[in-house]
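Reading through the structure tokens given below for one structure.
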Protein chains: 2
Amino acid sequence: MIRITKQSDYGIVLMSRLAAEPEQLHTAAALAAELQLPAPTVSKILKILARGGLLESHRGVKGGYSLSRTPESISVAEIIGALEGPIAVTECIEDGPGECSQEPFCAVRGNWQRINLAIRQALEAISLAEMTEPLEQLVTIGRRPLEQPAEPS
Amino acid sequence: MIRITKQSDYGIVLMSRLAAEPEQLHTAAALAAELQLPAPTVSKILKILARGGLLESHRGVKGGYSLSRTPESISVAEIIGALEGPIAVTECIEDGPGECSQEPFCAVRGNWQRINLAIRQALEAISLAEMTEPLEQLVTIGRRPLEQPAEPS
DNA sequence: GGAAAGGGGACCGATCAAGTCCTATTTCCT
DNA sequence: AGGAAATAGGACTTGATCGGTCCCCTTTCC
Ligand code: FES
Ligand code: FES
């Protein structure tokens, strides 16, 4: 739950791959093959990311994609935002008031934004660079990847 | 994006309403009418929340629901978790390894959990009590409900 | 014993994401 | 100059899943 779409999922994976060699150009086909993802979908996602300004595209033979900025300056929030619009968990308050049909009755109206903000900040705090330096870092610090022993079911 | 289901949406609204009078019993019908939500759906959601241990249910005439704990001790993460399973943004790593088809190729494998953890923590940090004291608090502190001026689009 | 509440689950319809495909455009190489 | 290889852009189909409804059973109060 709190599911993101597969587009974002793939998008982050792809961006992470590109972040490994920021200088280098990668074609959509090569990335798809390497990551074992459906080629047309990869192509589509890369296009969107390029349109969003996160990727630099080079057309023609020997073309391909590369990051338009350094991995450190790209947050996963940006990636998700580029792929699926602004980050908002609920449709209530996306931007303007008057949207939700039950504003008058709703007690939480304003506080939804607290949730949205919390999630957005959490996502903005994670940079692409952090996504590429994988296990060592985690293990070194001794951070537990998961801690949710109590699953009531 | 990063959408939660309407169940969670409604669930949080309902829980917030109940948090206003933690002692009192509320029937599903009354809550539905008050909040202008479809009655059967409300009933369904309350059932799930009760099964999850977040609500105390009383059957029979004069029955109804009430919070099983204080609003301060209930986080929105719990509500969402009860309504839609454990909080995980992606299906890759829900719990055990071996799930994702491309573990060998995936560079982010371990770092997805970083994202999941960040979101989970963000949601755990928000209590039901915070959801009920609505606008005043926000305004007093001068917190901006939204800040996202740069929308590249 | 009846009415009013919750408990549980089956069920259907609409929405939307995921993936495919096609065509145009740009660029490199021969 | 011309062809090949790549991106740009969009239309389309299908499939899952969410949202919502409905029905029947159990419990409790009066
Ligand atoms: S304003 Fe939409 S549910 Fe609160
Ligand atoms: S392990 Fe599933 S995408 Fe990384």
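Reckoned from all heavy atoms, side chains included, excluding hydrogens, waters and symmetry mates. Chain letters run A, B, ... following the sequence lines, proteins first, then strands; residues in each count from 1.
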Using whole Å, report how far CZ of B:R59 lies from P of C:dG6.
10 Å

Using atom CD of A:Q7 as one end and atom C1' of C:dG19 as the other, report the distance to the nearest whole Å.
10 Å

Return the value, rounded to whole Å, for the distance between atom NE2 of B:H58 and atom P of C:dG7.
10 Å

Could you state whether B:I74 and B:I48 fall into the same hydrophobic cluster, counting links through intermediate Ile, Leu, Val, Met, Phe, Trp or Tyr residues with side-chain heavy atoms under 4.5 angstrom apart?
yes

Without decimals, in angstroms, what is the distance between B:Y65 OH and C:dG7 C1'?
7 Å

By nearest heavy atom, map A:A39 and B:K47 onto DNA chain C; which one lands nearer the 5' end?
B:K47

Provide, to the nearest angstrom, the distance between the NZ atom belonging to B:K44 and the C1' atom belonging to C:dC12.
12 Å

Between A:E34 and A:H26: side-chain donor-acceptor atoms closer than 3.5 Å:
no

How many Å lie between CD1 on B:I48 and C1' on C:dG6, as a whole number?
14 Å

Stepwise salt bridge (Lys or Arg N to Asp or Glu O under 4.0 Å) check, B:R69 with B:E78
CA-CA 12 Å; B:R69 272 181 280 152; B:E78 282 182 284; 2.9 Å; yes

Determine the contact category for B:P38: base if any of its heavy atoms lies under 4.0 Å from a base atom, sugar-phosphate if only primed atoms, P, OP1 or OP2 are that close, otherwise nothing.
sugar-phosphate

What is the distance, rounded to the nearest whole Å, between atom NZ of A:K6 and atom P of C:dA18?
7 Å

Taking the side chain from B:S68 and the backbone from B:G53, do they hold a donor-acceptor pair closer than 3.5 Å?
yes

Where chain A begins and ends its contact with DNA chain D, read 5' to 3' at 4.0 Å from heavy atoms
D:dA4 to D:dG10

Would you kindly compare B:G64 and B:V61 by the position of their nearest DNA chain C nucleotide and give the one closer to the 5′ end?
B:V61

Polar side-chain atom of A:S16 near backbone of A:I12 as donor-acceptor pair, under 3.5 Å:
yes

A:M15, A:L25: one ILVMFWY side-chain cluster at the under-4.5 Å cut-off?
no

Report which part of the nucleic acid A:K62 touches: base, sugar-phosphate, or nothing (heavy-atom distance under 4.0 Å, all strands).
sugar-phosphate

Distance check: side-chain N/O of B:S43 vs OP1/OP2 of C:dG6, anything under 4.0 Å?
no

Below 4.0 Å: OP1/OP2 of C:dA5 and any side-chain N or O of B:S57:
no

Nearest-nucleotide pick for B:A28, side chain only, options being C:dG6, C:dA17, C:dG19
C:dG6

Ignoring hydrogens and geometry, is there a side-chain-to-backbone donor-acceptor pair from A:E130 to A:S127 under 3.5 Å?
yes

